[in-house]
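What you see is a predicted model; the values in this text were computed from it and never measured. Letters A, B, ... are given to chains in the order of the sequence lines, protein chains preceding strands, and every chain is numbered from 1.
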2 protein chains.
Amino acid sequence: MGTRPNSVLLLLVLIVSILLGTDAGVLDNRIDQCNLPDALVQEIRGYQPIVNKIVQRIVGGEFAGKTWESLAELVDTFGARLAGTDQLERTIDWVLERMGRDGLENVHTEEASVPHWVRGFESAQLVAPFKKNLAVLGLGTSVGTPRGGIIADVIAVESFKEFEGLSPVDVKGKIVVFVPKWESYGKTVVYRSKGASVAAKKGAVATLIRSVTPFSIGSPHTGGQDYEEGVRKIPSACITVEDAEMILRKYRRGETLTIHLEMEDRNLEPFMSRNTIAELVGTTYTNYSVVIVSGNGTAAAADDPSDLVDGEELGLWGGRAYKEAHKAEEKKEFNFFFESDIGTFEPRGLDFSGNKEAECIMREIVKLMGALNATEFETPTDGGPDISHWTTRGFPGASLLNKNEKYFWFHHSAGDSMAVEDPKNLDKCAALWAAAAYVVADLSVSIPKDVTD
Amino acid sequence: MGTRPNSVLLLLVLIVSILLGTDAGVLDNRIDQCNLPDALVQEIRGYQPIVNKIVQRIVGGEFAGKTWESLAELVDTFGARLAGTDQLERTIDWVLERMGRDGLENVHTEEASVPHWVRGFESAQLVAPFKKNLAVLGLGTSVGTPRGGIIADVIAVESFKEFEGLSPVDVKGKIVVFVPKWESYGKTVVYRSKGASVAAKKGAVATLIRSVTPFSIGSPHTGGQDYEEGVRKIPSACITVEDAEMILRKYRRGETLTIHLEMEDRNLEPFMSRNTIAELVGTTYTNYSVVIVSGNGTAAAADDPSDLVDGEELGLWGGRAYKEAHKAEEKKEFNFFFESDIGTFEPRGLDFSGNKEAECIMREIVKLMGALNATEFETPTDGGPDISHWTTRGFPGASLLNKNEKYFWFHHSAGDSMAVEDPKNLDKCAALWAAAAYVVADLSVSIPKDVTD
């Protein structure tokens, strides 16, 4: 395009992040009570031609389909890319090379220490009352079983409340299977993140969790989990919705079920990986008023569930490292944060966090996205775990609103692959992202903020 | 209910059948050109109160939810039930016991020789250019690999047409991966059923087939396959949509892919199993004018893909055995055939095959199903593989029209489980089936037929 904005556009690929609760954000239905200066409104409206040009170039021009192709090449070439693996480091090198080739500037990396969890051999089998292999995926940070695995009888419950009613005498030595009904990701994921320690407190030897998804075709969905301090760490894995519900039905009919669980998963010393950074230097403000556009190493198509656990679920380490490294200059330099972390289905608009004045500006900007049919505006943001290091402290930011009703169907499973990505929708998301970031970076004013620390 | 129809209702559980092409049937939009005698029309309309009573009893009365519970108990208790296994024989015994307890008459079995294919250990791994385990399921009747498996480079194609263009020199010694786009089950399944022999003719050592499904969340979908006579039998298995498409993309970028495939699957001597039969003896015609209601051992919820292959895919053996055993009396005794084999989602009505006069009668009968909102009528039948032994020869029959748009999402995969079945819809299907069968069996006339041999 040859056109560049006034301010720096900074592309930040944070290698580790975490999906926090992602219940539907509260739709802001208030009447637009903005009183922006008319000159600013007119300035924003003046971007309509350039927004349309960006959109046309990405969706209908020479870049059409290119985003999908590049992403496919990345996931097909490197496969699973857990933090701590050579595949991830080689992927970072590949991205750096591509960013340089694409003409981005100041392409570099910054050190980021990340947890190093290794998924080893994993196997679960119902051994009584009949034999059935259970598709299983260990949860990120889970310890393994002793060599040869654990063979134990099952306690199956639908809720923590039901589990509370059980005596430690009954739970001791058992494998506890949690089979919560899907309510929402935010409400249901607590069984995955906390189940192991809840069960361990009553003497359980392992936990298996019904995959956290509203819909299943026989695949387990993994994710991170947290051991409570001072509680014995027991192996924890997810099984399919189908198997979990079958186990619960059998258990409730009074049958004795026995499971053989073997997991060679283990936690190693932290690994020094890298955040991947590139810039599009602005014409006027060359080293501040930075607009940060963030993704993480696993993006929308991870091609392997083992990848996702490590890439997204171990605790926002990439974002944290970036925050610490740039603490001194953040207030002066950082203007706005974009993050796409909850799907790249058909775009709908922007999901914003920040103060009222910033909101009013972003409401005007999203109105420019008519060519993409993506003019919706919601607040506060739902999603954007990496940038939450800043948005929770008053920096303004936005995540990508998109038609992601089926996001959790694929989330952290073998189904999270290029098959989910539609090339046209991916182009539209890229166009929305590029156009919104361009306008924010080029605008004569910075986006207002109320930073609390 | 205490009410029984004039004629015999015969419940036939055929243990092996095959899902033939199941493209959408042609919706019959012709104006209803029926000229049934008015007395017959009035007689059929007179069944409205009893149809409503049957529906109410099953959907809203003491049987509400019972069908789902019984099916869950069956699949949960016996797990995978391949023909030739002790699990299937024990399941048959359980069904016999239940049928007797439910007050059915002449509960018995009849011998049926079935193919005996055994799924052994199965494993597929992409070993170059990177290592990735490929979820795999051998296809029914597939031979195994030599011990230790086959390690070979890959040829990946999208169609038989593309494969035709390849030289045997290039194919020899390779594992051929067929990655057909989903068009419809009928059109796409040919890659699963014929792929092995097509590839073997050019010297391939094994075939892997993209699962035959329009939608995937990382699960392989198995099914039967047929070796062509005189062609070397090579191992054949299905892999996930996601992995198949990834392999095709990498292959087309010019990469050399190597796969290690190990399958201990094998074909044993035919096994003598049983068709399971029970009757509801009519009040007037106690041993003829039989209305046959057929399912097969795997029904809608199989709980394990290995079950489905064997139960449904090895060639209509149960139906064939029944046909041969009752050849002498079929024309005199057999009135009408019902079969449910393509899902038990929300019912829509009946899908009919037979002559025009029979069609007119069934069009009147389906009008009685207003309480179920299931008054649709289509012809000819799409589905009903077991009863095709008779319907293809002019006997009248019907299969269950239901909202099965997602049927192939679960078909022959680990996702085909109780989680797919909705208790209320299952009740409605049972009610439609029971009511339609009752009316046909009780009607003063037999359903007309034009039997060709």
I'd like to verify something: which residue of B:A135, B:A72, B:A419, B:P129 has the highest number of heavy-atom pairs under 4.5 Å with chain A? B:A72

With B:M418 as reference, evaluate A:R249, A:M246, A:E242 under the side-chain contact (heavy atoms from CB on, under 4.5 Å) test and give the passing residue. A:R249

Nearest 0.5 Å, what's the CD1-OG1 distance between A:I217 and B:T240?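 Going from the CD1 atom of A:I217 to the OG1 atom of B:T240 covers 12.0 Å.
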
Measure the CG-CZ distance between A:D86 and B:F130 for me, rounded to the nearest 0.5 Å.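 Atom-to-atom, A:D86:CG and B:F130:CZ are 13.5 Å apart.
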
Might you point out which heavy atoms bring A:R253 and B:D76 nearest each other, and give the distance in Å? NH2-OD2, 2.9 Å

Engaged part of A:E73 at the chain B interface, taking heavy atoms whose separation is under 4.5 Å: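 For A:E73, heavy atoms of backbone and side chain both lie under 4.5 Å from chain B.
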
Tabulate, in ascending numerical order, the residues of residues 209-216 of chain B having at least one heavy atom closer than 4.5 Å to a heavy atom of chain A, or enter 'none'.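 Residues in range: B:F215, B:S216.
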
